[in-house]
Amino acid sequence: MQPVVSTSWKKFALLVCMTVSSACALAADLAGSVSFVIGDASVIGEDGKSHNVARGDNINAGQVLETGTTGHIHLRMVDGAFVSIRPQSRLRIEDYKYDAANPANNRIKFVLEKGVARSITGRAGEASKENYRLNTPLAAIGIRGTDFVVQAAADITRVTVQSGAVVMAPLAADCLASTLGPCKSAASRVLTAAMRDAYLELRNRNEAPLLVPAEKALESPNLLAPPRPEEPRPAADKQSKSNSGLDSRDPIREAAVDSIKNKVDAVAGPTVPDTAVPAPAQKFWWGRWASYIQPGQESSSFVNALAPGRELAVGNEVFGIVREAGTIFVPNSGVAKFQLGDAEAYMMEGKTLTAAQVTSPSLTIDFGAKRFDTSLTVNSNGHTPVSVQSSGQVTWQGELRADANSTGTKLQGALSTDASQAAYVFQRDVTNSLSVVGATRWYR
């Protein structure tokens, strides 16, 4: 006979799990609790019995949450994650285990049988992305520390990303519903928050998900089943909260305004805003090798750039570039135009470097064709401006490899883990003794 665990003990264990995570093993079946509920909402146990769900109820692995036409359920999971189940939806919590001491033991698995749900990754998913999975009747969705919304039906799956990135693939022999983590099949597709108003759509297991761009995204999960005001705001909007920490604005209205603004910006192009949007937090850093560092310039050295959590990406004679460490996911579709975040360039004669400026920057990546094209101009007093142009291949490892005939330019580059940023080093000979050399970081 299994021991009886009281409701009060489970609630206590949930509180302890959220504050002293090692105690989560004491409530191995406890997945989270209901933080908000409204309308027609119920929970179905492993015995198949259904009952109404109320705020404060504990939710265990193996249970199913179901909502009617007016129902919304919000869950706060044992690792701090958030899950929203919107109207006319059915979400099964197949597995939910959090072990802070041994992240390899973390297990998170949802099955969205129908409807719309939102998932914000908690500590278990952040520590063990390879052990997170959300399945629908058609697709498998893996994460990269993510806030995403998914719609599921028997014949369609759509997913949109509000923060981070997801990998979606059709369920098949090389992407089994029984496994965890993102599938790495030929039909896998990546969607990042850089394409926030777009969504991936899958209608057939025999095909790859298709990217529906923002200007055509008329059936986004957020539009088909909008969020309640009680849902957390997407991460990108948190800075706009009042100093009191409370948000009195309408998130549905503001999401619509943001969507319209993004579409207008996309049509208007880069020449419109006089007040440029600040570049996002960088995911690439560079420094010069020791032989090109003068006394007092140590802060510009490669050693200084190579901090914990970073890895060497590319380099040339003068520069080494490091990036934020992690697994690289390269999108399989879409064309992205990148903006120059920053650059460091020189006219180089022997070991002597003369500071130069980068102007007229351009970088376009066609993820579907796995090709890139870039150009810029290097300007330095007393020298004729030098045009730098290159094109080449984007590899599945996230490398930018210039074609052999790239107009005399040597270029090596890389993408960030979520493909939202890129960086490359370049060098081009001007004369037998003079060349231009530099490092650049780009974002979209």
Side-chain angles (χ1 to χ4, degrees), residues 144-147 161-166 190-198 211 213-214 234-239 258 261-287 305 307 309-311 313-314 319-331 333-345 357-367 370-377 388 390-392 394 397-400 411-426 438-444:
R144 282 198 49 74
T146 307
D147 177 353
V161 177
Q162 301 184 141
S163 176
V166 299
V190 176
L191 182 68
T192 75
M195 299 175 277
R196 181 165 173 174
D197 291 312
L211 178 67
D237 295 335
K238 286 181 179 177
Q239 293 180 357
D258 289 345
K261 180 181 181 298
N262 289 339
K263 292 174 184 177
V264 170
D265 289 345
V267 173
T271 60
V272 172
D274 292 328
T275 55
V277 176
Q282 67 189 84
K283 300 184 178 182
F284 287 95
W285 300 261
W286 62 72
R310 302 176 188 177
E311 61 186 9
V314 291
F319 294 97
I321 291 184
V322 298
R323 70 179 160 200
E324 187 178 62
T327 305
I328 308 298
F329 286 101
V330 180
S333 61
V335 178
K337 290 186 178 295
F338 287 72
Q339 300 180 57
L340 183 66
D342 46 38
E344 184 177 347
Q357 294 76 44
V358 170
T359 59
S360 305
S362 172
L363 172 62
T364 301
I365 297 180
D366 185 334
F367 288 108
K370 295 294 185 288
R371 298 286 298 174
F372 76 89
D373 184 83
T374 188
S375 64
L376 53 83
T377 301
V388 174
S390 184
S391 58
V394 180
Q397 302 101 324
E399 300 174 359
L400 307 184
L411 183 146
Q412 298 179 57
L415 294 171
S416 61
T417 54
D418 61 359
S420 66
Q421 296 187 24
Y424 64 71
V425 291
F426 65 86
T440 61
R441 180 178 68 89
W442 308 73
Y443 67 94
R444 61 184 173 121

Q: Mind checking whether F284 and T440 have side chains closer than 4.5 Å, heavy atoms only?
A: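 Sidechains of T440 and F284: no contact.
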Q: Quick check for you: to the nearest 0.5 Å, what is the distance between S390 atom OG and L376 atom CG?
A: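 Rounded to the nearest 0.5 Å, the OG-CG separation comes out at 10.0 Å.
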Q: Shortest non-hydrogen contact from S391 to D373?
A: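 Heavy-atom minimum between the residues: CB-OD1, 3.6 Å.
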Q: Any side-chain heavy-atom pair from Q397 and V330 closer than 4.5 angstrom?
A: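 Side-chain contact under 4.5 Å: no.
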Q: Just jot down the salt bridge (Lys or Arg N to Asp or Glu O under 4.0 Å) partners of E324, sequence neighbours excluded, or say none.
A: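 Per chain and number, E324 pairs via salt bridge (Lys or Arg N to Asp or Glu O under 4.0 Å) with no residue.
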Q: Please assess L411 against V425 for the test side-chain contact (heavy atoms from CB on, under 4.5 Å), listing each intermediate value before the final yes or no.
A: CA-CA 6 Å; L411 183 146; V425 291; over 6 Å; no
Q: What residues, two or more places apart in sequence or in another chain, satisfy side chain to side chain donor-acceptor pair (under 3.5 Å) together with K337?
A: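 Per chain and number, K337 pairs via side chain to side chain donor-acceptor pair (under 3.5 Å) with no residue.
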Q: Working to the nearest 0.5 Å, report the span between CH2 of W442 and CG of L363.
A: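 Here the rounded value is 5.5 Å.
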Q: In Å and rounded to the nearest 0.5 Å, what is the CG to OG distance from D366 to S333?
A: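 One finds 9.5 Å between CG of D366 and OG of S333.
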Q: List in chain and number order the residues that pass side chain to side chain donor-acceptor pair (under 3.5 Å) with Q412, two or more places apart in sequence or in another chain; answer none if no residue qualifies.
A: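 Side chain to side chain donor-acceptor pair (under 3.5 Å) check on Q412 returns nothing, list empty.
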Q: What I'd like to find out is whether the side chain of I321 reaches to under 4.5 Å of the side chain of W285, using heavy atoms alone.
A: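 Side-chain contact under 4.5 Å: no.
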Q: Would you check, one step at a time, whether the test side-chain contact (heavy atoms from CB on, under 4.5 Å) holds for V394 with I365?
A: CA-CA 8 Å; V394 180; I365 297 180; 4.0 Å; yes
Q: Rounded at 0.5 Å granularity, tell me how far OH in Y443 sits from CG in D342.
A: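 With rounding to 0.5 Å, OH (Y443) is 10.0 Å from CG (D342).
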Q: May I have the step-by-step check of side-chain contact (heavy atoms from CB on, under 4.5 Å) for V358 and E344, ending in yes or no?
A: CA-CA 8 Å; V358 170; E344 184 177 347; over 6 Å; no
Q: For E311, give me all partners under side chain to side chain donor-acceptor pair (under 3.5 Å), at least two apart in sequence or on another chain.
A: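 E311 satisfies side chain to side chain donor-acceptor pair (under 3.5 Å) with R323 once adjacent residues are dropped.
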Q: Give the intermediate values and the outcome of side-chain contact (heavy atoms from CB on, under 4.5 Å) for residues V161 and T192.
A: CA-CA 6 Å; V161 177; T192 75; 5.8 Å; no
Q: Please table the atom pairs, donor to acceptor, closer than 3.5 Å between any side-chain atom in residues 417-424 and protein atoms at least two apart or in another chain.
A:
from: T417; atom 1: OG1; to: R144; atom 2: NH2; distance (Å): 3.3
from: D418; atom 1: OD1; to: K283; atom 2: NZ; distance (Å): 3.3
from: D418; atom 1: OD1; to: S416; atom 2: OG; distance (Å): 3.0
from: D418; atom 1: OD1; to: S420; atom 2: N; distance (Å): 3.1
from: D418; atom 1: OD1; to: S420; atom 2: OG; distance (Å): 2.7
from: D418; atom 1: OD2; to: K283; atom 2: NZ; distance (Å): 2.6
from: D418; atom 1: OD2; to: S420; atom 2: OG; distance (Å): 3.3
from: Q421; atom 1: OE1; to: K283; atom 2: N; distance (Å): 3.1
from: Q421; atom 1: OE1; to: R441; atom 2: NH1; distance (Å): 3.2
from: Q421; atom 1: NE2; to: A281; atom 2: O; distance (Å): 2.8
from: Y424; atom 1: OH; to: T374; atom 2: OG1; distance (Å): 2.8

Q: For R310, enumerate each residue passing the salt bridge (Lys or Arg N to Asp or Glu O under 4.0 Å) test, keeping only those at least two apart in sequence or located in another chain.
A: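 Salt bridge (Lys or Arg N to Asp or Glu O under 4.0 Å) check on R310 returns nothing, list empty.
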